[in-house]
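Single-structure report; data block below.
Throughout, a chain's letter reflects where its sequence line sits, starting with A, and its residues are numbered from 1. The basis for the numbers below is simple: all heavy atoms, side chains too, and nothing from hydrogens, waters or symmetry mates.
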Amino acid sequence: MDPKFLQPYNPKEAEPSIYTRWEESGYFNPDNLPPLNGAEGQKERTEAFSMVLPPPNVTGILHMGSALMLVIEDILVRHARMQGKRALWIPGTDSAAIATQAKVEGELYKKEKKTRHDLGREELLSRIDTFVKESEKTIVEQMKHVGASLDFSRYAYTMDDRRYHAVMEAFVRMYNAGLIYRGSRIVNWDPKLQTTVSDDEMDYVEESVPFYYFKYGPFVIGTVRPETKFGDKYVVMHPDDARYKEWKHGQTIDLEWINGPITATIIKDDAADMEMGSGVMTITPAHSQVDFEIAKRHNLDIEQVIDDRGILLSIAGELAGQHIKKARPLIIEKLKAKGLIEKIDEKYIHNIATNSRGGGIIEPQIKKQWFVGVNTEFEKNGKKTTLKKMMQEAVESNAVEITPERYEKTYFNWVNNLRDWCISRQIWFGHRIPVWYRNSGQQSVDSEQATPGRIRRDHATETDAEEMCVSIEKPEGEGWEQDPDTLDTWFSSGLWTFSTLGWPDETKDLKTFHPTSILETGYDIIFFWVARMILMSGFLLDEVPFKKVYLHGLVRDGQGRKISKSLGNNIDPLDMAEKYGMDAVRVSLIAGMAPGTDSKISEEKIRGYKNFANKIWNISRFVLENGGGTTTDAPYTETDEALAREADVLAKHVSEHIEKFRIDIAFDLLYHFIWHRFADEILEESKPILKGEDARSKSSRQRLLYYILTLFLKLLHPFMPFVTEEIWTYLPKKETELLLVAPWPEARG
RNA sequence: GCGCGGUUAGCUCAGUUGGUAGAGCAUCUCAUUUACACUGAGAGGGUCGUAGGUUCGAGCCCUACACCGCGCACCA
């Protein structure tokens, strides 16, 4: 007996060398996996199993949430590998364009008091590159620490050359199919980061602000944003509102407003809510989504009031040039002086839209942006369809199955209401849009055909070039300039299942591993990511990106509270692994976690599972000390035959639950069988038999104990890979040198 | 406003076609050089959110309500 085995299990000492042995075997790469040893001799692995790791942001460090994801996926892939499949799990990291640039810019300002404009595009990108490389190293180390059996030879980064190529190709193909267009739309503009933000990337922060009621001619209008009101010259009310039935649509009235007398036009539109305030509102189409739509419906003028940096434009008269924040009280003063304030409600609860990627308060602006048309018809296999329809059909037809099922409803709810997807971002770090413009020098003031009415801007920052060319390479000839914008990070993420496999080249990997078997991810990115992958794969490859989606929840503390800095309840997975071993951390995360529900973790829970790791260590020692593995062909007694079948039944149930994604139940069954059935009962009952005189009973029991030991080591390996692999090295008789590739127990019984 | 979850032991949660309420932790009692104290045996503790309904029988199915959480929309 190895003296190490006589000590309690020491995960800290064992874990690093075990991971090294796995890596050196090369088995994380399915191309290196050994053939299977079956009853009929050696057999090639035919069935493929593939999965991509949802690439963590390069800005991130490992937290319990990412650890949970790694653990669930590692369990699935280890199980598939042991089942004899060609199991592939692809690692990668995501550039997280806005977040990363914001982080680097933040540090730049903190350390050097410089902005990105002081550095210039190239220098900033090189700084980001340095940051990313450093961060990447840490992330990969952490993944290995968790025990993730990822194939690092296929490591992908959203900004590397292969992925760049895929993104460009995708853009050009979609443009040529008429699915990508440029247009002036109202977008969520972040004045702080100077970029567009997608609908899904906004956070709403509740704030108590004054709500102002102004006299607007004969009407009373309400607002929390007086600074937008300068240009308001349309007054909107519901067509059915009896209070205002004497007013006719299109009728004009003269009234006194902020900067003097104006003429306002009455507009009747359903968008006005009769229940709300006075039922009358004025609109600011250039800075509000809803107002913009009303303006479009009635072909109204649209005038910009606030510029990209939050500064009032000339329409504000004497307040022009002021920042909106400073201007607000001044406007109130002016209106007060004119007697136009009806009343002020000081404690109005208002939701302020902010950029969730570390930016500022969103100011809707009209911008020329690139969009993916989700309702644009195109032909696929001789059939007319739209991207939206494709996304609906993929799930409706069960080509993609979502677990837990209730999230299908959430998915449809989102897809059905999907608007065109704005994919351009005004940041420097990202995939630059492959569009080129050439001008003969004449600058035209922006006038947009697609938008009815007149759009007037004081600062024409965008120009319409005479020539435009969409191509990956710079076109021939002089004077071409590339669009300065970059693509939404989810545009490239949408390609992930196949860009990681070599698309657009027709690689062997792509043929073997796509569509991927499972996409496992958090329920919080079902819209951002899951839906967009279905869109991209559907259009570009004419197939689904994955057959199954499995959604997991958030990690919470022992009392079910969210992990937050203010609560100080953050538990660092690596600290915990240092104290209790990674196996204990792994199973703490998945034990008691039903699909789609949140997982609870606490130090006590982790400690409990450390004891479990030690328990199996001791069970193994007991079995080996008592002659386990010496008599594997002794005939079973009747009792032992029954006990062996009982263990087989357990194996069958464990397998079934893993297949159904109930890894929590699978683990629970194992835990109870090993500790309370095998250790507490079977081993205790074995003591007299092993010490007794009956040679037949003894050899039968030795065979049985060894049989159950190897069986549960295999079953437990996906969950607790380190301790099981370590014990495996001490076994005298085994089918494979590494437990990593040992054959999964076949369902019997 | 629309939608989705949840409400079961002190705490955190299981409970798969309806058939006598379960686990872990915590608490209490007992055992004690044992493969393992990182242990074992046992005990206490629940009107399953509320009110109705279906059923021979409901934690589970139906209806309404309450509270908690989440998502989407709105926010003049």
Side-chain angles (χ1 to χ4, degrees), chain A residues 1 5-10 199-200 204 206 209 211-214 216 219-226 228-229 232 235-237 271-273 275-284 288-291 294 348-353 404-414 416-417 523-524 526-527 553-554 556-562 580-581 584 588 591-594 596-602 604-605 607-626 628 653 656-657 660 662 664-665 668 671-672 675-676 679-681 683-684 686-687 690 705:
Chain A
M1 183 75 31
F5 214 164
L6 298 173
Q7 303 287 317
Y9 174 58
N10 184 349
D199 291 349
D200 310 292
Y204 291 91
E206 226 175 53
V209 290
F211 189 93
Y212 305 97
Y213 291 92
F214 300 143
Y216 190 82
F219 308 107
V220 172
I221 59 157
T223 187
V224 289
R225 305 205 51 200
T228 63
K229 295 285 145 197
D232 287 14
V235 52
V236 183
M237 57 206 68
D273 184 350
E275 308 292 315
M276 187 100 172
S278 61
V280 175
M281 63 177 175
T282 60
I283 56 167
T284 314
S288 154
Q289 181 82 44
V290 183
D291 294 2
I294 295 172
Y348 181 77
I349 303 296
H350 179 71
N351 287 328
I352 295 179
E405 222 179 312
R406 67 185 136 94
Y407 282 101
E408 288 193 358
K409 235 176 173 169
T410 314
Y411 173 87
F412 285 123
N413 188 41
W414 184 81
N416 296 345
N417 297 313
Y523 62 66
D524 50 335
I526 180 166
F527 308 135
L554 268 46
R556 293 168 177 276
D557 75 1
Q559 282 118 61
R561 298 176 304 180
K562 257 190 185 159
Y580 304 108
S588 312
M593 183 213 60
T597 66
D598 297 341
S599 158
K600 311 244 167 32
I601 194 154
S602 62
E604 295 75 59
K605 195 173 172 187
R607 193 182 303 130
Y609 289 116
K610 183 201 167 107
N611 296 351
F612 180 55
N614 193 54
K615 189 77 184 178
I616 38 186
W617 182 259
N618 280 300
I619 290 169
S620 308
R621 175 161 82 220
F622 178 86
V623 172
L624 296 185
E625 273 178 343
N626 286 286
H653 289 157
E656 284 168 357
H657 285 296
K660 284 189 290 187
R662 290 310 299 265
D664 54 322
I665 298 179
D668 197 56
Y671 180 90
H672 282 96
W675 198 315
H676 300 299
D680 291 346
E681 295 170 5
L683 287 193
E684 290 304 323
S686 299
K687 286 175 184 174
L690 294 166
L705 295 184

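Along RNA chain B, the nucleotide nearest A:A613 and the nucleotide nearest A:V224 are compared for position; the residue whose nucleotide lies closer to the 5' end is A:A613.
Distance A:N614 CG to B:U39 C1': 10 Å, rounded to the nearest Å. Going from atom CD of A:Q7 over to atom P of B:A35 covers 17 Å, rounded to whole Å. Taking atom CD of A:E408 as the reference point, atom P of B:G5 lies 13 Å away to the nearest angstrom. Going from atom CD1 of A:I665 over to atom P of B:G15 covers 6 Å, rounded to whole Å. Between A:H676 atom NE2 and B:G42 atom P there is a gap of 11 Å when expressed in whole angstrom units. Put simply, CD on A:E625 is 12 Å from C1' on B:U34, counting in whole angstrom units. Note: CG (A:N413) to C1' (B:G3) measures 6 Å, nearest angstrom. We find that CZ of A:F612 is positioned 15 Å from C1' of B:U39, with the value rounded to whole Å.
At a threshold of 4.0 angstrom between heavy atoms, the contacts of A:V290 are confined to the sugar-phosphate backbone, with no base atom among them. Residue A:T223 is in sugar-phosphate contact alone, with no base atom involved, counting any heavy-atom pair closer than 4.0 Å across all strands shown. A:N626 comes within 4.0 angstrom of no nucleic acid atom, judged by non-hydrogen atoms across all strands. Within 4.0 Å (heavy atoms only), A:A679 reaches at least one base atom of the nucleic acid.
Closest contact between the side chain of A:R621 and the listed nucleotides B:C36, B:C75, B:G40 involves B:C36. In this structure, the nucleotide among B:U39, B:C4, B:G24 sitting nearest to the side chain of A:W675 is B:U39. Residue A:N611 has its side chain nearest to B:U39 when only B:A35, B:U39, B:G24 are considered. Side-chain proximity of A:K610 to the nucleotides B:A41, B:A35, B:C38 is greatest for B:C38. Side-chain proximity of A:F527 to B:C38, B:A35, B:C72: nearest is B:C72. Looking at the side chain of A:R406, the nearest of the listed nucleotides B:C75, B:G5, B:G40 is B:G5.
Searching all strands for a Watson-Crick or G-U wobble partner of B:G71 with both distances below 3.5 Å returns B:C2. B:G44 is unpaired under the Watson-Crick or G-U wobble criterion, no partner having all donor-acceptor distances under 3.5 Å. If you check B:C25 for Watson-Crick or wobble pairing at under 3.5 angstrom, you find it paired to B:G10. Look at B:U39: its Watson-Crick or wobble partner, with both distances under 3.5 angstrom, is B:A31. Of the nucleotides present, B:U63 is the one that pairs with B:A51 by Watson-Crick or G-U wobble criteria, both distances under 3.5 Å.
A donor-acceptor contact under 3.5 Å is not formed by the side chain of A:K409 with the base of B:C4.
Using atom C1' as the reference point in both B:U27 and B:U12, the two lie 16 Å apart (nearest Å). For the C1' atoms, the distance from B:A31 to B:G15 is 33 Å, rounded to whole Å. Look at the C1' atom in both B:G59 and B:A9: the space between them is 14 Å, to the nearest Å. Taking atom C1' in both B:C62 and B:G45, one finds a spacing of 33 Å when rounded to whole Å. Between B:C4 and B:A41, the two P atoms lie 46 Å apart (nearest whole Å). The P atoms of B:C70 and B:A64 are separated by 25 Å, rounded to the nearest whole Å. Spacing between B:G10 and B:U33 at atom P, rounded to whole Å, works out to 36 Å. For the C1' atoms, the distance from B:C61 to B:U16 is 15 Å, rounded to whole Å.
Proximity of A:T223 to A:T282: side-chain heavy atoms (C-beta onward) are nowhere separated by under 4.5 Å. Using a 4.5 Å cut-off on side-chain heavy atoms (C-beta onward), A:M237 and A:F219 make contact. Two residues are said to be in side-chain contact when any heavy atoms from C-beta on lie closer than 4.5 Å; A:N626 and A:L705 fail this criterion. Looking at heavy atoms from C-beta onward, A:V280 lies in side-chain contact with A:V235 at the 4.5 angstrom threshold.
Note that CD1 of A:I294 is 5.5 Å distant from CD1 of A:I283, once rounded to the nearest 0.5 Å.
Checked by atom type and distance alone, the side chain of A:N614 never pairs as donor or acceptor with a backbone atom of A:K610 at under 3.5 Å.
Taking 4.0 angstrom as the limit, A:N618 places none of its side-chain polar atoms (N or O) nearer than this to OP1 or OP2 of B:C38. One finds a side-chain N or O of A:K615 lying less than 4.0 angstrom from the OP1 or OP2 phosphate oxygen of B:G40. At the phosphate of B:A35, OP1 or OP2 sits under 4.0 Å from a side-chain N or O atom of A:K687.
Ring geometry for A:Y609 versus A:Y671: interplanar angle over 60°, hence perpendicular rather than tilted (30 to 60°).
Across all their heavy atoms, A:W675 and A:K615 have their closest contact at NE1-CE, 3.6 Å.
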